[in-house]
Amino acid sequence: VQLQASGGGLVQPGGSLRLSCVASGSGFRINGMGWYRQAPGKQRELVADSTSAGSINYADSVKGRFTISRDGAKDTVFLQMNSLKPEDTAVYYCNADGLIVGAIGWETFASWGQGTQVTVSS
């Protein structure tokens with residue numbers, strides 16, 4: 001399963017960006033999709049994730065500012081980021097997990113996108 005992320009860029013503090021990530025391939029069923037980020041010198045951290053059952057989690061640092069949403073029909077996940085702060089600057093990665101047809105039936109998978117840079121600076 002390949003993930004293609006887009007939508008990053010340079011924005012001033014207080015601005016907004018919308019990230020998109022679409023999954024492609026064949027023979028798969030997605031369960032969870034989410035966004036992680038990694039700032040220079042820091043570990044990758046969860047930003048937000050969403051399961052097919054509707055469960056959503058946000059990092060405390062983005063609650064009330066970021067919104068994750070999904071288009072199940074298009075295997076796409078979005079991250080609407082409002083009121084951006086300089087500390088939101090990072091490479092943002094999308095992630096997906098689920099089931100894929102393997103040699104002996106359904107197998108689990110977890111995939112990462114290539115990352116998209118978000119820079120919040122005046």
Side-chain angles (χ1 to χ4, degrees):
V1 179
Q2 293 79 44
L3 301 178
Q4 181 68 43
S6 62
L10 172 64
V11 64
Q12 292 186 342
S16 298
L17 283 174
R18 187 178 191 234
L19 306 183
S20 301
C21 177
V22 59
S24 62
S26 62
F28 65 90
R29 295 177 184 173
I30 291 179
N31 177 29
M33 297 190 82
W35 293 93
Y36 290 70
R37 66 186 181 187
Q38 187 167 18
K42 295 187 177 181
Q43 291 187 334
R44 190 173 298 188
E45 63 176 2
L46 172 69
V47 177
D49 65 9
S50 169
T51 69
S52 59
S55 175
I56 293 177
N57 294 297
Y58 292 100
D60 288 343
S61 60
V62 307
K63 284 180 180 177
R65 301 188 297 122
F66 291 10
T67 303
I68 188 170
S69 60
R70 290 173 60 173
D71 183 338
K74 298 180 180 180
D75 292 323
T76 303
V77 63
F78 305 95
L79 186 68
Q80 178 66 44
M81 304 186 294
N82 299 326
S83 302
L84 282 160
K85 306 175 180 180
E87 50 264 43
D88 294 318
T89 296
V91 178
Y92 283 69
Y93 298 91
C94 61
N95 170 272
D97 63 77
L99 297 174
I100 190 168
V101 175
I104 56 173
W106 290 102
E107 302 174 354
T108 60
F109 79 89
S111 295
W112 291 93
Q114 84 285 6
T116 183
Q117 177 70 46
V118 172
T119 302
V120 185
S121 175
S122 55

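Keep in mind the model is a prediction, meaning the values are calculated, not measured.
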Residues Thr119 and Gln117: side-chain donor-acceptor under 3.5 angstrom:
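Gln117 and Thr119 do have a side-chain donor-acceptor pair below 3.5 Å.
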Quick one, [X] and [Y] - any side-chain contact, counting heavy atoms below 4.5 Å?
| X | Y | result |
| --- | --- | --- |
| Asp49 | Tyr58 | no |
| Ser121 | Pro86 | no |
| Trp106 | Arg29 | yes |
| Ser50 | Met33 | no |
| Asp88 | Met81 | no |
| Ile100 | Val1 | yes |
| Arg70 | Ile30 | yes |
| Thr89 | Glu87 | no |

Specify the closest pair of heavy atoms between [X] and [Y], including all atoms of both residues, with the distance to one decimal.
| X | Y | answer |
| --- | --- | --- |
| Ala5 | Thr116 | CB-CG2, 4.4 Å |
| Val11 | Gly15 | CG2-CA, 3.7 Å |
| Gln2 | Gly25 | OE1-CA, 4.1 Å |

Can Thr108 and Asp97 be said to form a side chain to side chain contact (heavy atoms under 4.5 Å, CB included), step by step?
CA-CA 7 Å; Thr108 60; Asp97 63 77; over 6 Å; no
When you look at Asn31 and Thr51, which way does the side-chain hydrogen bond (donor to acceptor under 3.5 Å, both in side chains) test go after all the steps?
CA-CA 6 Å; Asn31 177 29; Thr51 69; 5.0 Å; no
Hydrophobic clusters here meaning ILVMFWY residues chained together by side-chain heavy-atom distances under 4.5 Å, can you tell me if [X] and [Y] are in one?
| X | Y | answer |
| --- | --- | --- |
| Val22 | Val118 | no |
| Tyr92 | Phe78 | no |
| Leu46 | Val91 | yes |

For Tyr36 and Trp112, I'd like to know if the aromatic rings sit close, meaning centre-to-centre distance below 6.0 Å.
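Yes, close enough.
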Tell me, with the steps shown, if Phe66 and Leu84 meet side chain to side chain contact (heavy atoms under 4.5 Å, CB included).
CA-CA 9 Å; Phe66 291 10; Leu84 282 160; 3.7 Å; yes
How long is the gap from [atom1] on [X] to [atom2] on [Y], to the nearest 0.5 Å?
| X | Y | atom1 | atom2 | result |
| --- | --- | --- | --- | --- |
| Ile68 | Ile56 | CD1 | CD1 | 6.5 Å |
| Ser111 | Leu3 | OG | CG | 5.5 Å |
| Gln114 | Cys94 | CD | SG | 7.0 Å |
| Gln4 | Cys21 | CD | SG | 8.0 Å |

Apply the test side chain to side chain contact (heavy atoms under 4.5 Å, CB included) to residues Val47 and Leu79: give CA-CA distance (whole Å), side-chain angles for both, the deciding distance (0.1 Å), then the verdict.
CA-CA 9 Å; Val47 177; Leu79 186 68; 4.1 Å; yes
Is the cationic atom of Arg37 (NZ for Lys, CZ for Arg) positioned less than 6.0 Å from the six-membered ring centroid of Tyr93 and within 45 degrees of its normal?
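Negative - Arg37 is either too far from the ring of Tyr93 or too far off its axis.
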